[in-house]
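Proteins get letters first, then strands, A, B, ... in listed order; numbering begins at 1 in each.
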There are 2 protein chains.
Amino acid sequence: MSARPGTVRPGGRTARVRTAVLRAAGDILAEHGFAHLDLADVARRAGVGKTTVYRRWGSVTGLVTDLLAELAHDAAPHRETGSLPGDLRAYALLVQREAADARQGALLRAVVAAAPCDGRTAAALRRFFEVRVEEWVPCVEQGVARGELPAGTDAAAVVRAVSAPLHQELLTTGVAPAPHAAECAARAAYAAAVAGAYAGAAPVTGR
Amino acid sequence: MSARPGTVRPGGRTARVRTAVLRAAGDILAEHGFAHLDLADVARRAGVGKTTVYRRWGSVTGLVTDLLAELAHDAAPHRETGSLPGDLRAYALLVQREAADARQGALLRAVVAAAPCDGRTAAALRRFFEVRVEEWVPCVEQGVARGELPAGTDAAAVVRAVSAPLHQELLTTGVAPAPHAAECAARAAYAAAVAGAYAGAAPVTGR
DNA sequence: AGCGTAACGAAACTGCAGAACCGTTTACCC
DNA sequence: GGGTAAACGGTTCTGCAGTTTCGTTACGCT
């Protein structure tokens with residue numbers, strides 16, 4: 001009835017269609033970029049009817065949004081290295097690898113491009129980063145507990161500071177940052193946090 | 001001839017048309033965002049023929065690109081405050097104000113969105129940031145000369161580190177960062193630079 | 001001032017993304 | 001294993017972004 005297609009009978013063919021379409025969309029995104037992402041192409045490559053793609057995803061932004069949700073779902077498990085510099089370095093390299101990966105990097109650029117055009121996409125993007133940050137915040141908080149960082153440090157700000165320069169480079173130059181840049185970003189965030197740059201006035205952001 | 005329209009007779013009406021179109025495009029961008037930027041709307045609001053807009057700018061991305069070039073052209077003059085923390089703070093607040101401004105913020109988001117779809121736009125975006133960075137690099141270099149920062153500091157990296165978290169916030173949340181965030185970014189970049197995070201690849205161990 | 005043509009503008013045209021229709025397949029429940 | 005309707009898919013249609021055409025305006029040069 002009013003339930004969206006794909007939610008009442010999610011098994012069997014429906015699931016196969018979803019997998020094939022997302023896979024094809026990812027391929028096209030990695031090969032030709034966001035600009036030439038045509039739903040008819042996706043349908044053809046996925047071996048699926050054009051109608052189906054339009055019915056279930058509606059538009060390019062919808063498809064990209066679903067793709068992002070899928071990416072966020074199988075998040076890479078991260079192991080703590082024991083020291084905060086090591087953890088931040090691991091996070092920076094994760095972001096760097098992600099940006100350098102053809103599929104994930106292209107997807108990231110596509111999502112950022114589509115976000116201003118579509119509310120759902122914007123929400124998905126926000127959620128994606130929130131989850132990311134929340135995942136790595138504990139590392140920073142442990143650093144505070146261990147006395148590596150001053151009390152009152154805004155852990156989320158530290159995590160965001162690691163990824164920010166890497167994402168900026170990807171988005172502005174169109175080229176993925178080098179591993180060296182990732183290590184530099186991690187070092188910088190750590191040094192700034194140690195110096196208390198994120199422990200100043202209480203942030204109003206969040207809650 | 002093969003010269004593009006608007007280049008042979010740039011005066012009088014041609015200039016008026018250009019001004020009106022860019023103004024209208026900026027208005028629509030600020031009001032309705034990048035998604036609903038229709039060239040026919042722009043033409044109507046500018047009191048100009050639809051044909052003219054298509055002939056001179058060709059597409060939405062072309063128009064956005066020209067708009068960006070215009071913005072980069074009248075760059076805000078920056079005065080040096082005498083101290084590096086002060087300069088970085090001034091730069092951070094400039095970026096923050098820009099992001100918070102309805103027209104400029106919307107334009108920035110639109111350009112980033114359009115960049116993956118169009119080579120010229122991507123180049124314009126890259127150029128825009130390059131100019132920005134070059135403008136503020138001297139402040140950092142003076143800081144190095146004064147001995148505030150370690151020798152071998154990558155001045156451009158420091159400048160980029162200031163703007164990165166602010167732009168990331170604008171692009172991922174869709175909301176412009178607060179002035180507080182700008183000051184935090186400036187503090188962090190300064191602290192990291194002082195600690196030598198942007199100087200060479202070797203980790204900071206006194207030495 | 002007069003001329004050549006660059007640039008503009010209104011209207012008619014075209015191509016294609018996306019929607020509608022409807023018959024076919026198949027997942028889920030008993 | 002049989003019934004029901006959810007979901008698929010081929011075809012056709014439509015709305016509109018973008019193009020073409022051609023007549024009009026006015027910039028810049030002498």
Asker: Taking only heavy atoms on the protein side, list every residue of residues 21-41 of chain B lying under 4.0 Å from any atom of DNA chain C, sorted numerically.
Answerer: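 Nucleic-acid contacts, sorted: none.
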Asker: How would you list, by chain and number, every residue that makes a side-chain contact (heavy atoms from CB on, under 4.5 Å) with B/S59, sequence neighbours excluded?
Answerer: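 So B/S59 forms a side-chain contact (heavy atoms from CB on, under 4.5 Å) with B/T61.
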Asker: Do other residues, nucleotides or ligands put more than 12 heavy atoms under 6.0 Å from the CZ atom of B/R23?
Answerer: no
Asker: Salt bridge (charged side-chain N to carboxylate O under 4.0 Å, His left out) with B/D118: which residues, sequence neighbours excluded?
Answerer: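 In terms of salt bridge (charged side-chain N to carboxylate O under 4.0 Å, His left out), with neighbours along the sequence ignored, B/D118 is linked to no residue.
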Asker: Could you state the CH2-P distance from A/W57 to D/dA7, rounded to the nearest angstrom?
Answerer: 12 Å
Asker: Does A/Y54 put a side-chain nitrogen or oxygen below 4.0 Å from OP1 or OP2 of C/dA19?
Answerer: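 So the side chain of A/Y54 is outside the cut-off, no N or O lying under 4.0 Å from OP1 or OP2 of C/dA19.
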Asker: Not counting sequence neighbours, which residues clear salt bridge (charged side-chain N to carboxylate O under 4.0 Å, His left out) with B/R16? List them please.
Answerer: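 Partners of B/R16 under the salt bridge (charged side-chain N to carboxylate O under 4.0 Å, His left out) test: none.
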Asker: Please collect all ring pair (Phe, Tyr, Trp, His ring centres under 6.0 Å) contacts where either partner lies in residues 8-46 of chain B, sequence neighbours excluded, each pair once.
Answerer: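 Residue pairs passing ring pair (Phe, Tyr, Trp, His ring centres under 6.0 Å), neighbours aside: none found.
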Asker: If the condition is side-chain contact (heavy atoms from CB on, under 4.5 Å), which residues does B/S83 pass it with, not counting sequence neighbours?
Answerer: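 With neighbours one apart ignored, the set is B/T81, B/P85.
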Asker: Would you kindly compare B/K50 and B/P5 by the position of their nearest DNA chain C nucleotide and give the one closer to the 5′ end?
Answerer: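 Per heavy-atom nearest nucleotide, the more 5' residue is B/P5.
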Asker: Nearest whole angstrom, please: distance from the C1' of D/dC8 to the CZ of A/R44.
Answerer: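 Going from CZ in A/R44 over to C1' in D/dC8 covers 18 Å.
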Asker: Distance check needed: D/dG9 P versus A/R56 CZ, whole Å only.
Answerer: 10 Å
Asker: Would B/D66 and B/R18 pass as an ion pair if we require N to O under 4.0 Å?
Answerer: yes
Asker: List the residues meeting side-chain contact (heavy atoms from CB on, under 4.5 Å) with B/V133, not counting sequence neighbours, and say none if there are none.
Answerer: B/V137, B/A156, B/V159, B/R160
Asker: Encode nucleotides 21-30 of chain D as B, S and - characters from 5' to 3', where the letter depends on protein heavy atoms closer than 4.0 Å: B to the base, S only to sugar-phosphate, - to neither.
Answerer: B---BBBS--
Asker: What pairs meet the salt bridge (Lys or Arg N to Asp or Glu O under 4.0 Å) rule with one or both residues in residues 85-101 of chain A, with sequence neighbours excluded?
Answerer: A/R89-A/E183, A/E98-A/R132
Asker: So how far off straight is the helix from C/dA1-D/dT30 to C/dC30-D/dG1, going by the axes through five pairs at either end, to 10°?
Answerer: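 It comes to 60° between the two terminal axes.
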Asker: Holding to salt bridge (charged side-chain N to carboxylate O under 4.0 Å, His left out), I want the full list of residues that pass it with B/D41, two or more places apart in sequence or in another chain.
Answerer: B/R44
Asker: List, one per line, each side-chain donor-acceptor pair under 3.5 Å for residues 109-116 of chain B, sequence neighbours excluded.
Answerer:
none

